[in-house]
Amino acid sequence: MKLISRSGICIGDSFIRFISLLTPLILISACTEGTLLEIPDFRRGGFLAQTDELPVSKSAKLEGVWEVIKGTEVFGDSIAIMVSGDRLTVYAQPSAGYIVLETGVLDSVVFLQGYWRQQVNSNTGLVNLYLPKLKGGGWVSIDGSARPDTLLMVGTYGNGEANPSKDIVLRWIRPFSVRAMQPYLVIAHRGGGRTSDRIPYSENTVELIRIAERFGSNAIEVDVRLSRDGIPFIYHDSKLNPRLVQRGALVGPAESYPMKALKDFVTLVQGESIPTLEEALKTVVFETNLRGVYLDTKTENVGLVSKMIPLVQKAIQDVALVENRPPLTIVIGIPTQVVYDEFVRIPNHKLVPSLCELSLDQAIAINSLVWAPRWTLGTQDAEIQRAHNQMMAAVTWTMDIDEFIKEYVNNSSFDGILTNYPSLVRYYQLMR
Amino acid sequence: MFVSFAVASAQTIGTRPGPMQYPEALAPYNFKTALEMAFLKMPEAVVEESDTYRWPAWALDVFMGLPENIVAEGKITTQFINWHFQLGTKWQWSPVENVRTYVGVDYAYFMGGIGSGTFDNSNRSSFAYVNVSVGYHFNKITLTLKEELNYLLSRKDRAGDITIRSFTNKFNGVTTSLYLEQEFWKDQQFLIGIRANYLKFVYQNWLLFPVSEVYYFVPEFVLGIRL
């Protein structure tokens, strides 16, 4: 094909071919998001497969603030170690870093094995650590053993799946301060983090909720929508888009489909299915020790709030069925005036646990349990004091910037922070 | 989406007007000017529910010849709430017939701001772009490959009275561009190209960029014409 311009210049085949080549190239490349990150794992269970299990109660002896003697280039000068869900997690400051560890014991030597990750980038790798018998291994693993003067953890870390080869040495400095042990809500955004942050599972899934505590959170926020047949489900965006779901038969607004269709025909980017709110709450109650759930009302479809209430009540009742489970608070989010207006029309709404993102006066008017202003509005100490006087907690959202997390954790009166980087909030909270 | 147009003119004194991005020599103190229009597609991971396609960026690009095969370039790019001012120099070299190269450095200052509704946000950033271009001149068409290292010299984001973040000196990524230029209308040159950005921070979307420091692939489709 040839085109002739008005000046008589021939626009040749090569030009047309160039355009033909470019357009699909751009379209194809634009579809590659690259939001998946392979979390490294030890083959055949690594060395830990040869050790005996170490109960969490014993691992908890390692909790405290540790000095990083070797490995400062990745983990900074000091780290905090805390039992987090079913793992022992090391919290570091640089790039929101953390190490998720499993523990085992062999001949009074404590072995720790897992992976490290920096949440704000894609850096990750394997970690091997051990506590020699005379440097804390015996004290941790054998009941009644004397605590040595020095607790020392030594080992190696690596990049990606590579065998760990760089030295890491940690020395115990002190236990957590009284202030660090005070209750503080570390609320993980979207059930544990955003898909775009290359977390192990898709955002807003039961799979992610199960492991949310490993990253430092003790509460989660999830996004709730209403299916066409009136079932609350967990999903952030209004549409079924490639950011969150694999290519499939359904397109368009997620809420335009019945729940069965969403279950049968939609697969999230990491292979999970869209959970119902009921499934998500059951996971929280029966498979975690999370202390809080913030149900962010993502739709203004009339009827969602009233559909959520019985599910919340059922989940709270279920908590009593789980032995030794910490108390759980579930709040219904009121993010907009439209949702607020719907909420106040519900009979006895003041008895419904809610979190209000609007003004404090509106939060007080509906007897919210939590007031949640946006963090860019400042620390608002006077308003928070007023909320506390009403027996109302105050948390802020969504804070991801290191300097501000440090400032708000240390110098504000907020009772918690909603964040995409719970490990970083936990680090600053434990270092207080 | 990619269908567009542009207008142009050329003011090369004493020489035949040439293509814009093709790294040719320019007689001292002669000018050539082009208007560009660039469409950018942001990663869905960044924009989430917003449209991945943005308003096109309009750019006015001016080259001026200097002695010793040096070419100065000034470029203003805007998307109305974004203004990017770029200034730099390039050294031109012709290793063999029909092949031309530029090696240069550009500095840029970016201003972004939005102050309507609930927004009161702004961004001020500065960049250094170290670039190499290699072009081949076919009969009536030039093909130019440009490789650019992108350094974020400083960045400051504000929301109201709060400085959200401020930092200096970070390697920001690379941009590979491929341009095809051809005479289109009398002496005018029409440009079509792609820019493959592999960057942590794309200034056109400063308002949406999260804290994360991963590289995003951001393709651009460029149309331009010599004025």
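Below, chain A is the first sequence line, B the second, and so on; all start at residue 1.
When all heavy atoms of A:D237 and B:E48 are compared, the pair lying nearest together is OD2-C, 4.4 Å.
Salt bridge absent: B:E44 and A:K239 never bring a charged side-chain N and a carboxylate O closer than 4.0 Å.
The number of heavy-atom neighbours closer than 6.0 Å to CD of A:E403, taken from other residues, nucleotides and ligands shown, is above 12. Atom CD of A:E73 sits in a crowded spot, with more than 12 heavy atoms from other residues, nucleotides or ligands closer than 6.0 Å. More than 12 heavy atoms of other shown residues, nucleotides or ligands fall within 6.0 angstrom of atom NZ in B:K75. Residue-environment remark: CG (B:N139) stays at or below the threshold of 12 foreign heavy atoms within 6.0 Å.
For the atom pair OG1 (A:T376) and CG (B:D120), the distance works out to 10.0 Å, reported to the nearest 0.5 Å.
Proximity to chain A (any heavy atom under 4.5 Å) is restricted, for B:Y215, to the backbone atoms N, CA, C and O.
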